Amino acid sequence: MKRTTPGESGLSRIVKVLEAFDKGKSTLTPAEIVRRTGLPSASTYRLVNELIDVGFLDRSDGGVQTGVRLWELASRESKTLSLRNTAMPFMEDLQDAIRQHTQLSVMDGTDILYIERLSETDAVVNITRIAGRLPAVVASPGLIMAAFGTRELQEAVLATGPPKYTKFTPTTTADFHRLLAEFRRQGYARMDGWIDEGVSGLGLPIRNAEGSVIAALSVLVPNDGKSPRMALPAVQIAAAGISRALGWFPKNH
């Protein structure tokens, strides 16, 4: 349970309430929100009712869930929405080619935040979702962004400590430093069986007009040796196309 900080602002309490909703539980009762946030019961019930009144929460099945008004505000013109709109034509072409999972993500702290995903119904296992997160240290888009990031970002990502999903998941800092150097040199991250032994992930950087890496394009394909090799050229073309659409031209950098 999260603990209440003395003198906590009303805004920080609103954020705690909204962050209580996650992939595992999209509908919560006020009592569950109290337990998840550690906020006082009386003020939590009052805050939930106020959020319902303004449309940030909606009543649903004996509880509440995030509301349409919150989605509306989040979907207005933003950097992530503009990035998604630019990337979508390239992602659709890539998905037509690989017919597995095609994903667009950005770095948020030491996590990867997925802002778009295209998937086939019979594709390989994928534990992510749109608006979902993974530790950057175990995600191909996270490691390729870290590889092109600052030393401070790399150390922060590695300091989170990678979850041990499978026997193929690296565990030592030395392993990760070696991989970051390799990924930066070759221009893409490849992770075979790190989260699920039957899945390979490929992550490539997306650059803005200044040449800064601002996002990553990634795919998940079968970990059969052949599929990652066959998918790589298509992912490279798509990532380069998105970067060019954002104004980046390699000859200028």
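The figures that follow rest on heavy atoms only: side chains count, while hydrogens, waters and symmetry mates do not. Everything numeric in this text was worked out from a predicted model, so none of it was measured.
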Show your working on side chain to side chain contact (heavy atoms under 4.5 Å, CB included) between Leu118 and Met88 and close with a plain yes or no.
CA-CA 10 Å; Leu118 305 176; Met88 275 302 288; 4.1 Å; yes
Is the shortest heavy-atom distance from the side chain of Ile52 to the side chain of Val64 under 4.5 Å?
yes
Any donor-acceptor N/O pair, Ser60 side chain to Gly63 backbone, under 3.5 Å
no
Looking only at heavy atoms, which two atoms of Ser105 and Met145 are closest? And how far apart?
O-SD, 4.4 Å
Do Leu246 and Arg207 touch side chain to side chain, with heavy atoms closer than 4.5 Å?
no
Quick one: do Leu70 and Phe56 satisfy side chain to side chain contact (heavy atoms under 4.5 Å, CB included)? Show the steps, please.
CA-CA 5 Å; Leu70 191 63; Phe56 283 10; 4.2 Å; yes
Could you verify whether a donor N or O on one side chain and an acceptor N or O on the other, from Glu197 and Thr166, lie under 3.5 Å apart?
no
Determine the minimum heavy-atom distance between Ile242 and Ala87, stating which atoms define it.
CD1-CB, 3.7 Å
Regarding Glu155 and Arg151, does a basic nitrogen lie under 4.0 Å from an acidic carboxylate oxygen?
yes
Answer whether the closest heavy-atom distance between the side chains of Val138 and Pro163 falls below 4.5 Å.
yes
Using only atom types and a distance under 3.5 Å, with no angle test, would you say the side chain of Glu210 pairs donor to acceptor with the backbone of Ser212?
no
Does CE in Met230 sit with more than 12 non-hydrogen atoms of other residues, nucleotides or ligands closer than 6.0 Å?
no
If you round to the nearest 0.5 Å, how far is CG of Leu57 from CG of Asn49?
9.5 Å
Is there a path of hydrophobic side-chain contacts, each under 4.5 Å between heavy atoms of I/L/V/M/F/W/Y residues, joining Ile144 to Ile112?
yes
Quick note, salt bridge (Lys or Arg N to Asp or Glu O under 4.0 Å) partners involving residues 110-126, not counting sequence neighbours, are Arg84-Glu116, Arg99-Glu120, Asp111-Arg133
Return the CZ to CG distance between Arg190 and Asn223, rounded to the nearest 0.5 Å.
7.5 Å
Minimum heavy-atom distance between Phe148 and Gly187, given as atom pair plus value
CZ-CA, 4.3 Å
For Ser227 versus Asp224, what's the shortest heavy-atom pair and its separation?
N-OD1, 2.7 Å
Check for a donor-acceptor pair, side chain of Lys164 on one end and backbone N or O of Thr169 on the other, with a separation under 3.5 Å.
yes
Side-chain touch Ile33/Arg36, heavy atoms, less than 4.5 angstrom:
no
Minimal non-hydrogen separation, Ala147 against Phe183, with atom names
CB-CB, 4.2 Å
Does either side chain, that of Asp175 or that of Thr172, offer a donor lying less than 3.5 Å from an acceptor on the other one?
yes
Non-hydrogen side-chain atoms of Leu143 and Leu179 separated by less than 4.5 Å:
no
Enter the distance from Tyr188:OH to Leu217:CG here, rounded to the nearest 0.5 Å.
15.0 Å
Please determine whether residues Leu180 and Leu202 belong to a single hydrophobic cluster, defined as Ile, Leu, Val, Met, Phe, Trp and Tyr linked transitively by side-chain heavy-atom distances below 4.5 Å.
no
Let me confirm one number: the CE-CG distance from Met91 to Leu104, rounded to the nearest 0.5 Å.
5.0 Å
Gap separating the CG atom of Leu51 from the CG atom of Leu18, nearest 0.5 angstrom:
6.0 Å
What are the two closest non-hydrogen atoms of Ser140 and Ser218, and how far apart are they?
OG-CB, 3.9 Å
I'd like to know whether Val221 forms a side chain to side chain contact (heavy atoms under 4.5 Å, CB included) with Val199, so could you lay out the CA-CA distance, the side-chain angles of the two residues, the decisive distance to 0.1 Å, and finally the verdict.
CA-CA 6 Å; Val221 297; Val199 180; over 6 Å; no
Do the side chains of Gln95 and Ile98 get nearer than 4.5 Å, heavy atoms only?
yes
Give a yes or no on whether Val219 and Val106 share a hydrophobic cluster (residues Ile, Leu, Val, Met, Phe, Trp, Tyr; joining criterion: side-chain heavy atoms under 4.5 Å apart).
yes
Can you tell me if Asp192 uses its side chain to pair, donor with acceptor, with the backbone of Ser200 under 3.5 Å?
no
For residues Arg46 and Glu50, determine if any side-chain heavy atom of one lies less than 4.5 Å from a side-chain heavy atom of the other.
yes
Donor-acceptor pair, distance only, cut-off 3.5 Å: does the side chain of Thr160 make one with the backbone of Val157?
yes
Is Leu232 reachable from Phe90 through a run of I, L, V, M, F, W or Y residues, each pair having side-chain heavy atoms under 4.5 Å apart?
yes
Out of Leu204, Thr86, Asn208, Ile206, which residue meets the side chain to side chain contact (heavy atoms under 4.5 Å, CB included) rule with Ser243?
Ile206
With a 4.5 Å heavy-atom cut-off, do Leu158 and Val137 have their side chains touching?
yes
Please answer: with hydrophobic residues joined when any side-chain heavy atoms are less than 4.5 Å apart, are Ile115 and Leu81 in the same cluster?
no
Just by distance, do the side chain of Gln100 and the backbone of Ser119 share a donor-acceptor pair under 3.5 Å?
no
Gap separating the CG atom of Asp58 from the OG1 atom of Thr27, nearest 0.5 angstrom:
10.0 Å
